[in-house]
Structures are given as structure tokens and as C-alpha cells.
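Since this is a predicted model, take the numbers as computed values, not measurements.
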Amino acid sequence: MAQVPQTFFDALAVRTWCGLSLGALGRAREEIDAINVYPVADGDTGTNLYLTVESAAGAVEAVFAGYELGEEVPTLADAVRAMAHGALIGARGNSGTILAQLLRGMAHVLTEGEATHTDADRLRLALRHAADAARRAVAHPVEGTVLSVAAAAADAADTAEGDCGAVARAAYEGACKALAATPGQLAALERAGVVDAGGRGLVAVLGALVEAFTGETPAAFDPDARVAGGVVHARVDAVSGTQAESCAERAGGPAFEVIYLLEAEDAAVDRLRTRLDLLGDSLVMVGGDGLWNVHVHVDDAGAAVEAGVEAGRPYRIRITHFGAGDVHTGGARPPRERVQRAVVAVVPGEGLVGLYTEAGATTVLARPGEPPASGELVDAVRRANAREVVLLPNDADLRHTAAAAAEQARAEGIRVALIPTRSAVQGISALAVHQPDRRFDEDVVQMTSAAGATRYAEVVFAERQSWTMAGICQAGDVLGLIDGDVAVIGSDVTATAETVLDRMLQAGGELVTLVLGDEAPDGVADRLEARVREAYLAVDTVVYRGGRQGAPLLIGVE
């Protein structure tokens, strides 16, 4: 990623900032997790911030990818909107949700107009608006947290003179000073001898902003900053069990973290905020324009979700029970027995989750337009609780994400083999020959061979006019892609699917797999099955329902 010193803020600077932030949080993740004692000592703040920024960076990269075929480049507004939206839909945990609102607050200022870039004055205003928006999103703001660090960064930026680089550097330095002061503001931090974990993450993000403008890495936050006469460490090898239990005894609190995205009107969101505030604590609600990210700690997780249903449409619901040794649950639960081998697979639709699960796989659901982040794949590998894991990404675009997840899991002592499946139908073929009782290498070879012997296709709708291998398509055309390339352009899903299937079977085959999405027309499966019976002897057909998988039809031939 380019790191060109510049005096203004444009789309490239946004892209560079996201990439540098992701790298900085990746390096600091374990440190931040280790000092996470407030509001819950669950040791995941660094991970949550990383996943939030990973989602934001992925959204920005998608915007740039959409412009690669043309001569135009994204505007600042394009990139900032994508960054804010990506953070919103991917926000994890209390600090990740607040960071999403900080980015959304900046976006509110930076998206005014369609200018290709903006200056230092606008950046100052964006940082101020971000800090104010984040504070408003928290039901009961507490000093000594990321909110204090964000406010100090905005204050320092207000008085800075010079270009965007100078403003960013002032914000970073102001944030560092505020971070060092957090133990004196929050008793839980002072008892543990650490600074605020969320604030430490924001310092990393602001440091990346300095580097995006100047090309220089700012001086690292001083881990031995002296506050109120004592030494406060930004990093500890581990917050001791005694300290965590001490914090727990003093703090108490609900047993569940509930997070979901919510489609709802503003009036309904106001009512929901009041209701959730009565149910629990650590309430943060960020978003707007009909889409919200809701985060709350409660004892009754079901009631928190039901409140969301009454307000609108909640989805991507995540409920986390504060686990072993946690501040709210006390004792550790006995660990599940570790198995020798497991398969982890990314699945594009709810309908296929059951099929993969029945075959013994641990699944990660990839909804249309919402590809999983590497952290989600690592979480799934850990959930599988196996010494050996076979990872099936089932999407060519996830190869780098899956590779990063595999490397992370290997660093944790798990033996991982990544099979580069490019479609869910290839994953089905690989699972069909999976035998956990044979040698790992032999099993991986057989699964890889089965996946590679499966040609894959999908029938989709064109989103815009574009040049393809089959000619020029228009928005709304039906496209038949074989092995990732457009092979057929049509106007009818069934007719296009039949043409695609004929082309695939010309090279031979013994089994046809059809996965129907929600948008598949009635009768398409019957038509294709009849075509196979009539024209191709000794070829069998199986049909599955994929649900909301993004494509009306997936086809596999093996």
C-alpha cells in the first residue's frame, strides 16, 4: 500500500490509513487484550478493534476495486462512507462499537460535498465531531476511557497549526497524554496498573493517521508514563487472576454481551435505547439512516434481542457469555474435550449451514456483501477445538483472508491445512471424501483432489455495465460464470443455467450439484434435472437449498 507524504486528505489517504491502522492494531492486539480490565476483564479489546478496522479496510478496498476497470478514482466521500459503513457492520465489542461511531462522526464532516480531497481545517472539525458523536452514542459516558482519549485528541487538533499531517500529529500526541492519565480517572485501571485498552487502541489508529500523511511512524506511546506519582504500564504480561477477581468483586455486572445490527426508524431506536438501558449496562448504540449497531451487557440476553425485534429487524446477532474466570461468572467451566481433526468451512447461505454441519464441519456464515474477516475464521478454528483443522474458504476472494487466519491459528499451535476451494460446491465435494481417521496429509490430499476435480459455476445478475469474456453486459443481465469467468450472457435465469450446464457437461461428468438460492425461479431445478436425464446418460443430479446466498444458482460438476 502506498505511503506517500501529503498535506491533504483524499481517498488514497483513507485507504492508506485503514491499512496502516490494521497493521498497527495487529501488532498491538495481544498487548491491548492483556490490559483489558474495563468495563469487563474479558481480554478481547485488541481483537475486537482489529476486527472492526479489518471490516472498515475491506469496505474501502471494495470501493477501489470497483474503480479499477475505469479511469476514474473514488472521491474522498466514497472512501470515507465505505470506511464508516464497514466499521459499523463489522464492529465488535464495546470499544469496536465506539470506534465505529468515531469513524462515522468523521465521515459526517468529510462526506459533505464531492471534493476529491479536503484540508486541515476540515480534519480538525472531523476529529471534533467524531469525539462528540462517540460520547453521545454511549448511554452513560465514563471518564478514563476511549471517550476521554478521543476528546483530548480533538482538543489538541483544534489548536494545531499547519497541514493535515501536523493536525494528525497533534491529535496523536494529545491522545497519548490523555491515555497516560486514564488510571487516575478510573479506579479499575489504577488497581490493575494499566491504561485504558480502548484508548490504547485509538492511539494506535491515530498513529497510523500520522504515518498516512507524513510517511513517518510517530514516537511510540511511552509504556512507562508516570501518572500521579506512580508508574503505570501500558503493557503487562498478563493481568493477574487476583487483580481480575478483585476488579470483578468490586464491579459486578451482567453475564452476557449482546451485539446485533438493527434496521429501524429513529423513533423506534430511541425507545429501544431507553429499554436496553433498563435491562443492563455498557450500552452503546451507533449508526443512523436506518442502520444501527447495538451493543449492551445484560443478564437476560433473550430480552435484549426481543427488544430489538420490537424496534425493527435485528440480524447478525452475537451473544457472548462472559466465560471462564470472567468477572461476571466467577468459576471456570470444564473445557470441551479436544478432538484430533475438524473441518472449518465458509458457507454462503443459511441453507447450506445444515448440510455442512451434518457432515461434521464447523461453519462460518458469509452473507451477501458481508464476507467474514480473518478474525472470524480464527474464532471458528478455535471453536472447532481440534489439533488439526482443514480450512475451506469456498470463495476465491477469501484466499488471502483464509491464509491470514491459517497463519494465526498455526501460531497458536494448531495444525492447519488450507484447501483453496473457490465455491461451496467444491467444499461439498471435499467434505464428501473427508475421513478423520486417516493420516492428516492423506486426508488433505484426497479432499484437495476432490475439490479440484469439481468444476463450478454460478448464475448471477449483473450489477452494472461491464466488459466480460463473453462480451458487454448491461445492468440486470443474467450472467453465467464458469470457473470464475463470464461464459454466458442472457436474460432468463433458467435458460442461462441450462446453457451453462451444457457447456460444463461437454467435458464429461458423473454428478451434478445444484444449490438454489432464494432468488432462483420456480421450476429451474426440475428443468435442469430433466435436461441431464435426457441428454447425459449415467449422470446423477443432487439439489440443495442454499437460502440467501447471493447467487440464484450454484452449479457443480464432478
Listed partners of R410 passing salt bridge (charged side-chain N to carboxylate O under 4.0 Å, His left out), at least two apart: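 Listed in chain order: E407.
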
For [X], look at atom [atom1] and say whether over 12 heavy atoms of other residues, nucleotides or ligands are found less than 6.0 Å away.
{"X": "D289", "atom1": "CG", "value": "no"}
{"X": "R545", "atom1": "CZ", "value": "no"}
{"X": "D437", "atom1": "CG", "value": "yes"}

Checking [X] now: which residues fulfil side-chain hydrogen bond (donor to acceptor under 3.5 Å, both in side chains) with it, not counting sequence neighbours?
{"X": "T421", "answer": "N394"}
{"X": "S282", "answer": "H297"}
{"X": "D443", "answer": "R341, H434, R438"}

[atom2] on [Y] to [atom1] on [X], rounded to 0.5 Å:
{"X": "E54", "Y": "L49", "atom1": "CD", "atom2": "CG", "answer": "12.5 Å"}
{"X": "D483", "Y": "T454", "atom1": "CG", "atom2": "OG1", "answer": "10.5 Å"}
{"X": "N36", "Y": "N48", "atom1": "CG", "atom2": "CG", "answer": "8.0 Å"}
{"X": "R338", "Y": "I414", "atom1": "CZ", "atom2": "CD1", "answer": "5.5 Å"}
{"X": "E257", "Y": "H295", "atom1": "CD", "atom2": "NE2", "answer": "3.5 Å"}
{"X": "T448", "Y": "Q426", "atom1": "OG1", "atom2": "CD", "answer": "10.5 Å"}

Of all the heavy-atom pairs spanning [X] and [Y], show the shortest one and how long it is.
{"X": "V269", "Y": "A264", "value": "CG2-CB, 4.0 Å"}
{"X": "L377", "Y": "A402", "value": "CD1-CA, 3.7 Å"}
{"X": "P372", "Y": "V364", "value": "CB-CG1, 3.8 Å"}
{"X": "A304", "Y": "Y260", "value": "O-OH, 2.9 Å"}
{"X": "V339", "Y": "A384", "value": "CG2-O, 3.9 Å"}
{"X": "P552", "Y": "V460", "value": "CD-CA, 3.9 Å"}

Exam field: side chain [X] to backbone [Y], donor-acceptor pair closer than 3.5 Å:
{"X": "R399", "Y": "A396", "answer": "yes"}
{"X": "E310", "Y": "A307", "answer": "no"}
{"X": "D33", "Y": "T45", "answer": "yes"}
{"X": "R104", "Y": "G287", "answer": "yes"}
{"X": "Y315", "Y": "E263", "answer": "no"}

V296 vs L279, side chain to side chain contact (heavy atoms under 4.5 Å, CB included): CA-CA, chis, key distance, verdict: CA-CA 9 Å; V296 67; L279 285 175; 5.9 Å; no

From CA spacing to verdict: side chain to side chain contact (heavy atoms under 4.5 Å, CB included), Y544, I428: CA-CA 11 Å; Y544 302 108; I428 292 172; 4.2 Å; yes

Trace of the side chain to side chain contact (heavy atoms under 4.5 Å, CB included) decision for L51 with T47: CA-CA 6 Å; L51 293 174; T47 299; 4.1 Å; yes

Measure the shortest side-chain to side-chain distance between [X] and [Y] over non-hydrogen atoms and say whether it is less than 4.5 angstrom.
{"X": "V543", "Y": "L516", "result": "yes"}
{"X": "V344", "Y": "V390", "result": "no"}
{"X": "D502", "Y": "R531", "result": "yes"}
{"X": "W17", "Y": "V205", "result": "yes"}
{"X": "Y456", "Y": "L554", "result": "no"}
{"X": "E61", "Y": "R15", "result": "yes"}
{"X": "V524", "Y": "L528", "result": "yes"}
{"X": "R200", "Y": "V194", "result": "no"}

Test side chain to side chain contact (heavy atoms under 4.5 Å, CB included) applied to V532 and L505, step by step: CA-CA 9 Å; V532 171; L505 287 172; 4.3 Å; yes

Between Q408 and E412, a side-chain donor and acceptor under 3.5 Å: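 A donor-acceptor contact under 3.5 Å links the two side chains.
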
Residue that, paired with V286, satisfies side-chain contact (heavy atoms from CB on, under 4.5 Å) out of L291, L99, N293: N293

Which residues share a side-chain contact (heavy atoms from CB on, under 4.5 Å) with E510, sequence neighbours left out: none

Donor-acceptor contacts under 3.5 Å from residues 83-98 side chains, at least two apart:
unit_1 : atom_1 : unit_2 : atom_2 : d
R92    : NH2    : D379   : OD2    : 3.3
T97    : OG1    : G93    : O      : 2.6

